[in-house]
Each structure stands twice: as structure tokens, then as C-alpha cells.
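Quick notes on the structure that follows.
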Amino acid sequence: MKKLTLAFLLMVSTLTFGQNINVVYDFHTYYSTEGNYAEILTSIDGSSLGAKQTKNKWVKSAELTTIVCNILAPDSALYVDKRIIKSPEVEDSTKISNSSLLDMQRIGLDNGEYIVYFELKDVSTTNQPMQYSDVVKISYPNNAVSISDILILDTVLNTKETNIYTRDNKDMIPNIFNSLPLNKNMLTFYVEIYNADKTLGENTPYALISYLENISSGKKVANSQITKAVTSNSISTYLGQMDVSQLIEGSYYLNIEVRDSKNILHEYKRIAFYKQSEIKPDLNNMEIPADAFVNFIADSLLDDNLACLTPIASSNEQYAIRQAIKHSNNAQKRYLIYEFYKQLNSNHPENTWREYISVVTYVNNKYGTQIKKGYETDMGRVYLLYGAPDNIIDEKFGASSGLQSGNPYLSQSTTPYNAYVDRVDNPYRNSSEAFGVNYYPYQIWVYNKTPFGESNRKFVFYARQDNLIEYFLLHSNAKGENQDMYWENTLSRGGLEPGVEGKAGRQFRVGHE
């Protein structure tokens with residue numbers, strides 16, 4: 001996930017689509033002698049779906065399409081799946097559940113890097129499906145010890161009938177949010193160790209060590225270490241538990257290590273999680289140097305110095321910032337600001353603060369409105385997170401003079417998968433004629449390469465009130481950003497039907513007109 005952050009990111013992605021479907025997804029990868037595989041976990045917020053009556057019963061359901069291809073061969077599908085995920089059926093519509101709809105897909109994949117395309121539709125509506133994509137990597141050597149991705153669990157039950165959640169005769173229901181609420185005081189996790197016999201020798205004892213690390217301080221949590229003696233095998237499994245009732249509220253790493261009898265580290269894996277707790281951090285006793293830059297920030301500017309960090313902060317950090325602005329005293333606010341920049345630049349936090357504040361000042365002047373600071377706007381957020389774009393296509397009055405039929409960029413692919421990939425890249429590849437299309441004022445920002453390693457990423461902003469005062473993000477092909485397959489229909493005020501590419505679509509595709 002891409003954030004300039006204190007590093008305590010939860011390893012999940014949360015998306016809210018234009019049709020207000022809230023979904024969280026996560027990947028976990030595993031080794032198998034029959035072939036490596038990835039598990040895709042999907043959780044859909046039931047309250048964001050509409051209910052539909054079928055045969056006198058009410059149900060909430062979503063249609064999920066998943067397509068996987070090797071990132072080096074994006075025109076060849078390795079996996080295609082379409083499924084309906086639905087809630088329990090009830091006869092009384094007032095009793096339909098708003099609980100999350102949980103789904104897991106298990107996909108066999110070789111070592112490599114893959115792009116995964118998703119399409120999600122609320123079955124109860126006629127809204128167009130929304131799409132998003134992500135990348136998953138699998139890397140398990142055949143002749144060296146390795147550790148699977150760590151799976152944090154919500155519930156573990158004895159298996160009555162084998163299903164997709166079954167491992168070692170137990171049903172392991174994942175905690176897809178990697179977050180433990182106040183009433184959850186046991187951290188339960190599952191991990192697999194591979195090929196220890198090939199690295200350490202057959203039937204050789206080794207130590208499987210698990211412990212917690214406070215991400216904010218970087219320190220190991222006292223008394224958290226558990227050491228389990230294991231005999232080397234081709235595949236070993238471990239279902240572990242830790243008491244986390246005494247943890248201070250915050251973000252932590254669960255670390256897993258494989259060490260031999262000489263305490264030599266052979267393999268290591270970690271996962272971040274968040275623990276809600278009644279025990280709050282004691283910021284009053286946390287010291288900062290007397291000459292630290294935060295001591296010279298005026299009291300009246302502390303809230304703004306905190307709030308302007310939200311564009312580059314993780315979701316957990318954003319929550320902490322909002323809480324600090326509401327409830328913390330000035331000394332605590334200074335400490336939070338200092339710690340944020342210190343973890344971005346441990347040697348010279350003041351330099352990083354000065355550099356960032358200078359960019360914030362520019363963003364406030366450039367994109368601020370009468371009611372918003374620049375960093376609170378979509379353009380300001382993108383500028384602060386990604387930097388200055390390499391190119392800007394600015395169309396304040398972008399009326400189209402017409403479209404040519406027979407688009408030279410029209411894909412000749414005929415397979416369902418290639419048609420889908422074309423649609424992910426550009427939903428309007430099947431162009432037809434349209435004339436006199438009147439767009440909202442818009443800008444397309446082009447990044448040749450982002451700070452997060454992505455190439456040729458673009459952002460479409462539009463002034464939906466026609467007043468040019470504030471532009472809102474409509475669509476982007478950057479990972480984790482809002483993606484709307486039919487963004488050009490919105491931009492054209494409904495003037496372009498699905499299946500038609502206009503001027504803006506061509507600009508987005510090729511980076512210019």
C-alpha cells in the first residue's frame with residue numbers, strides 16, 4: 001500500500017465505490033508440493049448493499065468477477081471466476097442482516113507477479129459494476145526454508161464438514177481487517193513453514209519464535225515472545241495465540257522467525273495489526289529534545305500542522321491525528337508531530353518538516369478554497385502524496401467536436417478475458433460516433449512514474465459545479481485510488497453512453513490529445 005507513513009500500515013485495502021459498495025480485500029500466499037497458491041479474501045459491507053426480493057424471500061447479494069493474469073503477459077488469463085456472494089435469505093425485509101458478506105477464493109499460481117482484476121456489482125441495482133485491480137506476488141523457493149503469509153484469525157472452530165476455510169481439521173475464519181476490537185484480547189494466527197528439512201536437515205529441531213513489536217517505538221513488547229520447538233519437515237503448520245489484553249492501544253507487528261539450534265536466523269516474516277484498548281498511550285511522559293523544531297511551532301498552528309499530515313498518513317494515523325486534534329493537549333500534539341517526521345527521517349526530522357510544510361504552503365495557495373485548505377482537497381492530497389505531475393491536460397471548457405467511428409485503438413481481441421482487460425484499461429474501446437459532447441471542466445494529471453513504483457499513472461479531476469473553484473477526483477488507474485469504469489459518462493454529463501470513447505477518454509489513454 002502506498003503511503004509515506006509511520007510504517008504501521010494494516011496490510012489490507014479498503015475501497016468505497018461510486019455506487020457506495022464498501023469492500024475490503026486481502027491476499028495471502030502459500031507453498032504446496034502440488035503447486036503454490038494465493039487466497040483472496042473479500043469482505044463486503046452488507047449495509048452498503050440493497051436488498052432484493054426473490055421467491056418471497058429477501059436477500060442482499062453482490063456479483064464478484066475475478067480475473068488473474070501474469071503481469072508479464074497481461075493478455076493471457078490464468079484464472080477467471082464469477083460468483084454471487086449473498087446474505088442469508090429472510091422472509092421479512094426488516095430482518096435482513098447488515099453483516100459483512102465474506103468470501104474466499106483459492107487460486108493455484110506458480111512463483112511470479114500477477115495482476116488481479118476485480119469487478120463488483122450490487123445485484124439489487126441497475127448500476128454499472130465497479131472495477132479495481134491489485135498486484136500479488138508469490139515467491140517460495142523449492143530448496144530453502146520459507147514462511148507463508150501470516151493469517152490473523154477471527155474465529156477457529158472444529159470442522160464438521162470440510163470447506164474452503166478448513167485447515168488441520170479446523171475452520172479458520174480470517175480477520176480480514178487485521179484489527180482487534182476492545183473485547184478481543186487474544187491474537188490468534190496461523191502460519192506454515194516450508195522446506196525446513198532441506199535447509200536444516202531431516203528431523204532436525206529448530207525454534208519457531210513469535211513475538212510482538214510496537215511499531216511506533218520500534219521496540220519489542222515485553223513478555224510477548226513465544227518459542228515453539230519444531231522438528232524439521234517439508235511442511236509444518238502452527239496455530240498460535242497470544243494474550244494482548246495488556247497492550248496499549250496502537251499498531252503492532254506480529255513477527256515470526258525460524259532459528260536453528262545455534263540461534264541463527266534462517267527466515268523471517270511479519271504482519272501488522274491494530275489493537276483497540278482501554279489502555280491509551282501516555283504522551284505526557286514522552287520526551288522530545290529541547291531544541292526540537294516542534295517546540296518553536298506556535299500553539300495556534302499545531303492543529304494545522306497535524307491536519308496537513310492526513311494526505312500522507314495511513315488510515316490508522318489519520319484516526320490518531322483526528323483524535324489528537326480533538327482531545328490532546330499542546331505537548332502531546334508536539335510529540336505526535338515530532339514522532340511523525342522522525343520516523344520519516346530519523347536523522348533530520350526538521351529538514352523533512354520544512355520540506356513538507358513548504359509543499360503544503362504551495363498546495364494551500366494553489367488549491368485552497370474559501371472553506372477548505374488546499375491539503376483538504378482532492379488535488380491537494382494527490383499533489384502531496386505523489387508530487388508534482390509530469391504533465392497536466394487542462395480542459396476548462398472541453399466540449400467535444402465529435403468522435404471518429406472505427407477507433408484505431410480498438411482491440412482486435414475476441415476472447416472474454418481480453419475484452420475484459422480492454423475494458424479495465426479503457427471501458428470505451430468499442431467506439432462509435434458521438435457529436436457535441438459537453439464535458440465538465442476537467443484536468444488529467446499524468447505521472448510517468450509515481451513514488452510507489454508505478455508507471456504511467458493518471459488522475460482525472462473535474463469541476464462538478466462548473467465553477468472552477470474546486471476539482472474533485474473522478475478516476476485514476478493508480479493502485480488504491482478511486483477507479484470508475486464509466487467515469488467518462490459522468491464527465492460528459494451523461495452525454496457519452498457506455499461503449500463510446502470521447503476526447504477525454506483518448507487523452508487518458510494516450511496522455512495527450
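The basis for the numbers below is simple: all heavy atoms, side chains too, and nothing from hydrogens, waters or symmetry mates.
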Quick one: [atom1] on [X] to [atom2] on [Y], what's the gap to the nearest 0.5 Å?
| X | Y | atom1 | atom2 | answer |
| --- | --- | --- | --- | --- |
| Leu49 | Ile44 | CG | CD1 | 6.0 Å |
| Leu187 | Ser210 | CG | OG | 9.0 Å |
| Lys275 | Glu249 | NZ | CD | 8.0 Å |
| Lys184 | Gln276 | NZ | CD | 12.5 Å |
| Cys308 | Leu384 | SG | CG | 8.0 Å |
| Asn233 | Ile193 | CG | CD1 | 10.5 Å |

Closest heavy-atom pair and its distance - [X], [Y]:
| X | Y | value |
| --- | --- | --- |
| Ile21 | Asp122 | CD1-N, 3.6 Å |
| Ile176 | Asp26 | CG1-CB, 4.0 Å |
| Thr377 | Gly374 | OG1-O, 2.7 Å |
| Pro451 | Leu385 | CG-O, 4.0 Å |
| Cys69 | Tyr117 | SG-CE1, 3.9 Å |
| Lys449 | Asp390 | N-OD2, 4.1 Å |

Quick one: are [X] and [Y] in side-chain contact, heavy atoms under 4.5 Å?
| X | Y | result |
| --- | --- | --- |
| Thr237 | Leu239 | no |
| Phe27 | Ile40 | yes |
| Phe340 | Leu336 | no |
| Val23 | Leu64 | no |
| Val382 | Tyr447 | yes |
| Phe177 | Ser43 | yes |
| Ile173 | Leu102 | yes |
| Lys342 | Ile288 | no |

Check for a donor-acceptor pair, side chain of [X] on one end and backbone N or O of [Y] on the other, with a separation under 3.5 Å.
| X | Y | answer |
| --- | --- | --- |
| Tyr31 | Tyr194 | no |
| Ser61 | Ile85 | no |
| Thr199 | Val145 | yes |
| Lys333 | Leu302 | no |
| Ser48 | Asn22 | yes |
| Asn195 | Asn142 | yes |
| Asp45 | Ser47 | yes |
| Ser277 | Ile279 | yes |
| Ser232 | Asn203 | yes |
| Asn175 | Ser179 | yes |

Any luck finding a side-chain donor-acceptor pair between [X] and [Y] under 3.5 Å?
| X | Y | result |
| --- | --- | --- |
| Gln241 | Thr188 | yes |
| Tyr140 | Thr29 | yes |
| Lys160 | Asn158 | no |
| Asn305 | Tyr341 | no |
| Thr166 | Asp171 | yes |

**OP:** Test salt bridge (charged side-chain N to carboxylate O under 4.0 Å, His left out) on Arg457 and Glu481 and set out the steps.
**Re:** CA-CA 11 Å; Arg457 301 297 94 174; Glu481 296 289 348; over 6 Å; no

Original post:
Quick check, are the ring centers of Tyr238 and Phe189 under 6.0 angstrom apart?
Top reply: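 Centroid distance Tyr238-Phe189: below 6.0 Å, so yes.
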
Original post:
In a check of side-chain contact (heavy atoms from CB on, under 4.5 Å) between Gln318 and each of Thr310, Leu309, Ile312, which one passes?
Top reply: Thr310

Original post:
Looking at Thr42, Val116, Asp103, which hits side-chain contact (heavy atoms from CB on, under 4.5 Å) with Thr66?
Top reply: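 Result for side-chain contact (heavy atoms from CB on, under 4.5 Å) with Thr66: Val116.
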
Original post:
Should Asp304 and Val360 be marked as a side-chain contact (heavy atoms from CB on, under 4.5 Å) after you check the CA-CA gap, both sets of side-chain angles, and the distance that decides it?
Top reply: CA-CA 10 Å; Asp304 201 50; Val360 169; 5.7 Å; no

**OP:** Give the intermediate values and the outcome of side-chain contact (heavy atoms from CB on, under 4.5 Å) for residues His327 and Gln332.
**Re:** CA-CA 10 Å; His327 305 298; Gln332 293 169 335; over 6 Å; no

Original post:
Which is it for Asn482 and Phe472 under the side-chain contact (heavy atoms from CB on, under 4.5 Å) test, yes or no, and what are the steps along the way?
Top reply: CA-CA 11 Å; Asn482 181 56; Phe472 298 86; over 6 Å; no

Subject >> Ring-face cation of Arg167 near Tyr30 (centre distance under 6.0 Å, axis angle within 45°) >> reply: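 Yes, Arg167 lies over the aromatic ring of Tyr30.
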
Subject >> side-chain hydrogen bond (donor to acceptor under 3.5 Å, both in side chains) partners for Tyr356, two or more places apart >> reply: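 For Tyr356 there are no side-chain hydrogen bond (donor to acceptor under 3.5 Å, both in side chains) partners, ignoring immediate neighbours.
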
**OP:** Applying side-chain hydrogen bond (donor to acceptor under 3.5 Å, both in side chains), name anything that partners Tyr362, two or more places apart in sequence or on another chain.
**Re:**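 Tyr362 satisfies side-chain hydrogen bond (donor to acceptor under 3.5 Å, both in side chains) with no other residue.
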
Greater than 12 external heavy atoms within 6.0 Å of [X]'s [atom1]:
| X | atom1 | value |
| --- | --- | --- |
| Asn163 | CG | yes |
| Arg354 | CZ | no |
| Lys86 | NZ | no |
| Gln246 | CD | no |
| Glu202 | CD | no |

Original post:
Does Asp299 pair with Arg334 as a salt bridge, N-O distance under 4.0 Å?
Top reply: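 Salt bridge flag = yes for Arg334 with Asp299.
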
Original post:
Can you list every ring pair (Phe, Tyr, Trp, His ring centres under 6.0 Å) pair that touches residues 202-225, not counting sequence neighbours?
Top reply: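 The answer is none; no pair qualifies.
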
Subject >> Matching residue for Phe459 among Trp445, Tyr386, Tyr383 - test: ring pair (Phe, Tyr, Trp, His ring centres under 6.0 Å) >> reply: Tyr386

**OP:** With side-chain contact (heavy atoms from CB on, under 4.5 Å) as the test, would you mind laying out the steps for Val244 and Leu212 before giving the verdict?
**Re:** CA-CA 10 Å; Val244 292; Leu212 302 181; 4.0 Å; yes

